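Quick note: numbers below take in every heavy atom, side chains included, and nothing from hydrogens, waters or symmetry partners. Just so it is clear, the structure is predicted and the values come from calculations on it, not from any experiment.
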Amino acid sequence: MNFHVLTLFPEMIEQGVNTSITGRAVSKGLIQLNTINIRDFAGNRYGQVDDYPYGGGAGMVMQPGPVYRSYQSVVDKIGYQPRVIYLTPQGKVFNQKMAEDFSKEEDLVFLCGHYEGIDERVLEMIVTDHVSIGDYVLTGGELPSMVMIDAISRLVPGVLNNQVSAEFESFHDNLLEYPQYTRPAEFMGKKVPEILLSGNHAKVDQWRRQQSVLRTMERRPDLMEQATLTNEELQWIEKYKHI
C-alpha cells in the first residue's frame with residue numbers, strides 16, 4: 001500500500017505517519033509513505049504557490065500549476081493515474097466502509113489544500129474523491145490525510161499484530177465495539193462483568209455482540225439503519241425497546 005501526499009508541510013505528515021503502528025508498518029515495508037512538497041514545483045525562485053483570487057475576496061488561493069506538476073510527478077513515478085483524494089469539508093464524510101474501499105488500492109494520492117483552497121480547474125483535472133473527516137474547518141488537509149492513512153493502514157494485512165482486531169473492532173457490521181476490560185478484576189468498587197471471567201467463549205461472544213448492539217442504539221442510533229443484524233437480533237431489539 002503506497003500513500004502519496006501532496007502537501008506544503010511534508011515534515012508534518014512524516015512525523016505523524018512514522019509513529020506508532022503506522023510507523024512500524026512503514027519500517028516493515030507493509031506501507032510506503034511518499035510526501036511531495038508542492039513548493040518544489042512552484043516554478044519560481046521564491047517557492048510561491050498561491051495568489052489572489054479572481055473576483056476579489058479575502059485570503060489566497062493555491063495555484064493550479066504547482067499542484068498539477070506535483071501530481072504528475074507521482075504519475076510519472078508509478079506509471080498510471082491513481083485515485084486522488086482531496087481533503088475538503090465539501091466532501092463525503094469519511095467512514096469505515098470508505099476506508100475498506102480505499103484499502104484495496106495499490107496507490108492513493110492525498111491532496112492537502114491550504115489558504116482559501118485550490119484553483120478549481122486543477123481539482124477538476126486530477127481529483128477522483130472529495131472527502132471530509134467532519135463538518136468543521138481545519139487550517140489544511142494534513143491532519144485529515146493522516147487520519148485517513150491511519151484508518152486505511154489498519155486494514156492492510158500484517159499492519160496489526162492481531163489481525164482479528166481489524167475485523168472485530170468498532171464499526172464491524174456497522175456496529176460500535178463492545179466495552180473492554182482488563183486487570184484488576186475489581187477497580188474502585190467496579191467489577192468486571194462475570195461473563196468475561198466464565199471461560200465460556202460462546203457466551204462471551206454472545207454478550208459482546210449484544211453489548212455492541214446496545215451501545216450503538218444508545219450512542220449512534222444513526223448507524224442502526226445500515227447495521228448487519230440477524231433476524232434473532234432484530235426480534236431481541238424490538239423486545240428491548242419495550243422494556
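The local environment of CG in D222 is crowded, with over 12 non-hydrogen atoms from other residues, nucleotides or ligands closer than 6.0 Å. Crowding of E186 atom CD: a count of heavy atoms from other residues, nucleotides or ligands under 6.0 Å exceeding 12. The number of heavy-atom neighbours closer than 6.0 Å to OH of Y80, taken from other residues, nucleotides and ligands shown, is above 12. Atom OH of Y136 has more than 12 heavy atoms from other residues, nucleotides or ligands within 6.0 Å. Remark: Q81 CD is loosely packed, at most 12 non-hydrogen atoms of other residues, nucleotides or ligands lying under 6.0 Å away. More than 12 heavy-atom neighbours from other residues, nucleotides or ligands sit within 6.0 angstrom of CG on D76. Heavy-atom contacts from other residues, nucleotides or ligands closer than 6.0 Å to CD of Q180 number more than 12.
There is a path of hydrophobic side-chain contacts, each under 4.5 Å, that joins M125 to L123. Hydrophobic clustering (ILVMFWY, side-chain heavy atoms < 4.5 Å, transitive): V204 and V213 are in distinct clusters. There is a path of hydrophobic side-chain contacts, each under 4.5 Å, that joins I21 to M146. Both V67 and Y52 are assigned to one and the same hydrophobic cluster, defined by single-linkage of ILVMFWY side chains at heavy-atom distances under 4.5 Å. In the hydrophobic clustering of this structure, Y68 does not group with V61; members are Ile, Leu, Val, Met, Phe, Trp, Tyr whose side-chain heavy atoms approach within less than 4.5 Å, directly or through other members.
The salt bridge (charged side-chain N to carboxylate O under 4.0 Å, His left out) analysis of residues 26-50, with sequence neighbours excluded, yields no pairs.
For the residue pair E116 and A58, the shortest heavy atom distance occurs at CG-O, 3.3 Å. Annotation for P82 and T128: closest pair O-CG2, 4.5 Å, computed over non-hydrogen atoms. The nearest pair of heavy atoms linking I36 to S73 is CG2-OG, 4.1 Å. Taking all atoms of both residues into account, the shortest heavy-atom contact from L155 to A151 is CG-O, 3.8 Å. In plain terms, the two heavy atoms of R69 and A42 that are nearest each other are NH2-O, 3.3 Å. The two atoms that bring P157 and L30 nearest to each other are O-CD2, 4.1 Å, heavy atoms only.
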Test side chain to side chain contact (heavy atoms under 4.5 Å, CB included) on V109 and I126 and set out the steps.
-> CA-CA 10 Å; V109 175; I126 70 173; over 6 Å; no

Should D129 and F102 be marked as a side chain to side chain contact (heavy atoms under 4.5 Å, CB included) after you check the CA-CA gap, both sets of side-chain angles, and the distance that decides it?
-> CA-CA 10 Å; D129 301 88; F102 287 133; 3.9 Å; yes

Tell me, with the steps shown, if I118 and Y86 meet side chain to side chain contact (heavy atoms under 4.5 Å, CB included).
-> CA-CA 10 Å; I118 299 176; Y86 177 44; 3.6 Å; yes

Side chain to side chain contact (heavy atoms under 4.5 Å, CB included) between L229 and L175, worked out | CA-CA 10 Å; L229 301 168; L175 296 171; 4.3 Å; yes

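A donor-acceptor distance shorter than 3.5 angstrom exists from the side chain of T7 to the backbone of F9, with no hydrogens or angles considered. Looking only at distances, no side-chain donor or acceptor of H130 sits under 3.5 Å from a matching main-chain atom of K92. T22 places a side-chain N or O within 3.5 Å of a backbone atom of V17 that can act as its donor or acceptor partner. Of the possible polar contacts, one joining the S212 side chain to the Y178 backbone as a donor-acceptor pair under 3.5 Å is found. In terms of modelled atom types and a separation under 3.5 Å, the side chain of T35 and the main chain of V5 share no donor-acceptor contact. One N or O on the side chain of T19 and one on the backbone of Q15 form a donor-acceptor pair closer than 3.5 Å.
Put simply, the side chain of H114 reaches to within 4.5 Å of the side chain of E142, judged on heavy atoms. The closest side-chain heavy-atom distance from D119 to Q63 is not below 4.5 Å. No side-chain heavy atom of E233 sits under 4.5 Å from any side-chain heavy atom of D173. Side-chain contact between F94 and P144 is absent, with no heavy-atom pair separated by less than 4.5 Å. At a threshold of 4.5 Å between non-hydrogen side-chain atoms, the residues N2 and I78 do not count as touching.
Atom-to-atom distance recorded for L214:CG and R209:CZ is 11.5 Å, nearest 0.5 angstrom. Taking CD1 of I31 as the reference point, atom CD1 of I152 lies at 10.0 Å (rounded to 0.5 Å). Atom CD of E106 sits about 9.0 Å away from atom CE of M1, to the nearest 0.5 Å. Note that the CG atom of L223 and the CE atom of M217 stand 12.5 Å from one another [nearest 0.5 Å]. Residue S132 holds its OG atom at 10.0 Å from CE of M148, rounded to the nearest 0.5 Å. Atom CG of residue L8 and atom OG of residue S70 lie 9.0 Å apart, to the nearest 0.5 angstrom.
The hydrophobic cluster containing F187, built from Ile/Leu/Val/Met/Phe/Trp/Tyr side-chain heavy atoms closer than 4.5 Å, also comprises M188.
For K77 and D107, the salt-bridge test fails: no basic side-chain N is under 4.0 Å from an acidic carboxylate O. Comment: E238 engages K241 in a salt bridge, judged by a side-chain N to carboxylate O separation of less than 4.0 angstrom.
Using a 30° and 60° split on the angle between ring planes, Y181 and W207 fall in the tilted class, from 30° to 60°.
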